[in-house]
Amino acid sequence: MSIACVLATLSQGIVLPALSRRTGAPCRAVATRQIVLAKDQNSQIRLAGCLDRRGRVFRTAVRDIVAIQAPLLVHAMTLPDDAPIPLALAALPQASFNYDALGSPFTFCSLGTRYATEHIGGWPSPNGDVTAKMFSVCGMLIPTAGPLSPPVRQIGHLWPHGDFARPSGSHIISFVSQPGFLFAAKYPLELAAKLILRNVGAWGEDWVPIEVAEQTKEFAAKVAEQYRPRTYIPLTADLLDRAAKRPPVDARSLWASGHQPPRQSARIVWRNGRMPSGAPIPLDDPALAQFFKRFRDQ
């Protein structure tokens, strides 16, 4: 089956989980304004890769696009098979996992890079250590069965190493006046299963945030009434054709004009229930207590 390679330029930067250029395993988060799409003869469109600020090509850890906000796509062009980007993508190792997302409980979503929010996340290591830190988050996992607009349950926050930490908060009620998620894709079932096993091993079955309460939904609806609603549409061949008729946009100049990737703030890191000074974490800090309960009980 013939596959066309399409380079799409975005109006804002997003962040995507990307694969190692040596092993094909998830290993990094890439801020991008250019995504590489594969379009087959049946007009099925899948995400194949992305370009970072320097123009380097990466395979992505998500493939099946759920929806985007329409203004995100500003230009698209079909590339010949012998163009540098398709050749660079073909030279990269294949993914070390199965991309199949059928039955996956999680959807990956990205905010715009200039709308990154500060969160605390926890990461359990295979040796039993648990690290938590505060950092700027653009990429998130939310339940597949839920909406793309708040209130949403937080399942995971994309860390710089390309995997997902457990969030300290359970829900996002509103992004206030910000545009919210710009891009959403299905998260592969194999990777979702690994995340679940890792978190259950560290924190037990109750690590998953509870369902959003009706009272919370009502409050979120009142907040949403104050701001312009955001709509999501599928990324279709027709949408790409319309984008192809628009003038090209220099993605690198957009990065230089102020649409920068998120800057990592001064990171505060806690390990195994202790603060950077070595003192135990405060017993009344719920954001950290959920990560380090077993260390405090020892």
Apply ring pair (Phe, Tyr, Trp, His ring centres under 6.0 Å) to residues F164 and Y187 and explain how you reach the verdict.
CA-CA 11 Å; F164 290 84; Y187 194 59; 5.2 Å; yes
K133 to W159 six-membered ring, cation-pi geometry met (6.0 Å, 45°):
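So K133 does make the cation-pi contact.
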Is the backbone N or O of V15 less than 3.5 Å from a side-chain atom of S110, with the two atoms forming a donor-acceptor pair by type?
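Yes; judged by distance alone, with no hydrogens or angles, the pair exists.
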Is the backbone of F181 close enough, under 3.5 Å, to the side chain of R230 for a donor and an acceptor to pair up by distance?
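No, the answer is negative, given that no donor and acceptor are paired below the 3.5 Å cut-off.
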Does a side chain donor of either E118 or S136 reach within less than 3.5 Å of an acceptor in the other side chain?
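Yes.
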Would you check if there is a donor-acceptor pair between the side chains of N127 and D129 at a distance under 3.5 Å?
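D129 vs N127: donor-acceptor pair found between side chains.
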Does [X] reach the side chain of [Y], with side-chain heavy atoms less than 4.5 Å apart?
| X | Y | answer |
| --- | --- | --- |
| L288 | S168 | no |
| V62 | K186 | no |
| V137 | L158 | no |
| L141 | L195 | yes |

Apply side-chain contact (heavy atoms from CB on, under 4.5 Å) to the pair R33 and V249, showing each step before the final yes or no.
CA-CA 10 Å; R33 297 193 73 126; V249 178; over 6 Å; no
What are the two closest non-hydrogen atoms of P86 and C5, and how far apart are they?
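Closest pair (atom of P86, atom of C5, distance): CG-SG, 3.8 Å.
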Should the pair H157 and H119 be assigned to parallel (<30°), tilted (30 to 60°) or perpendicular (>60°) ring geometry?
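Correct class here is tilted.
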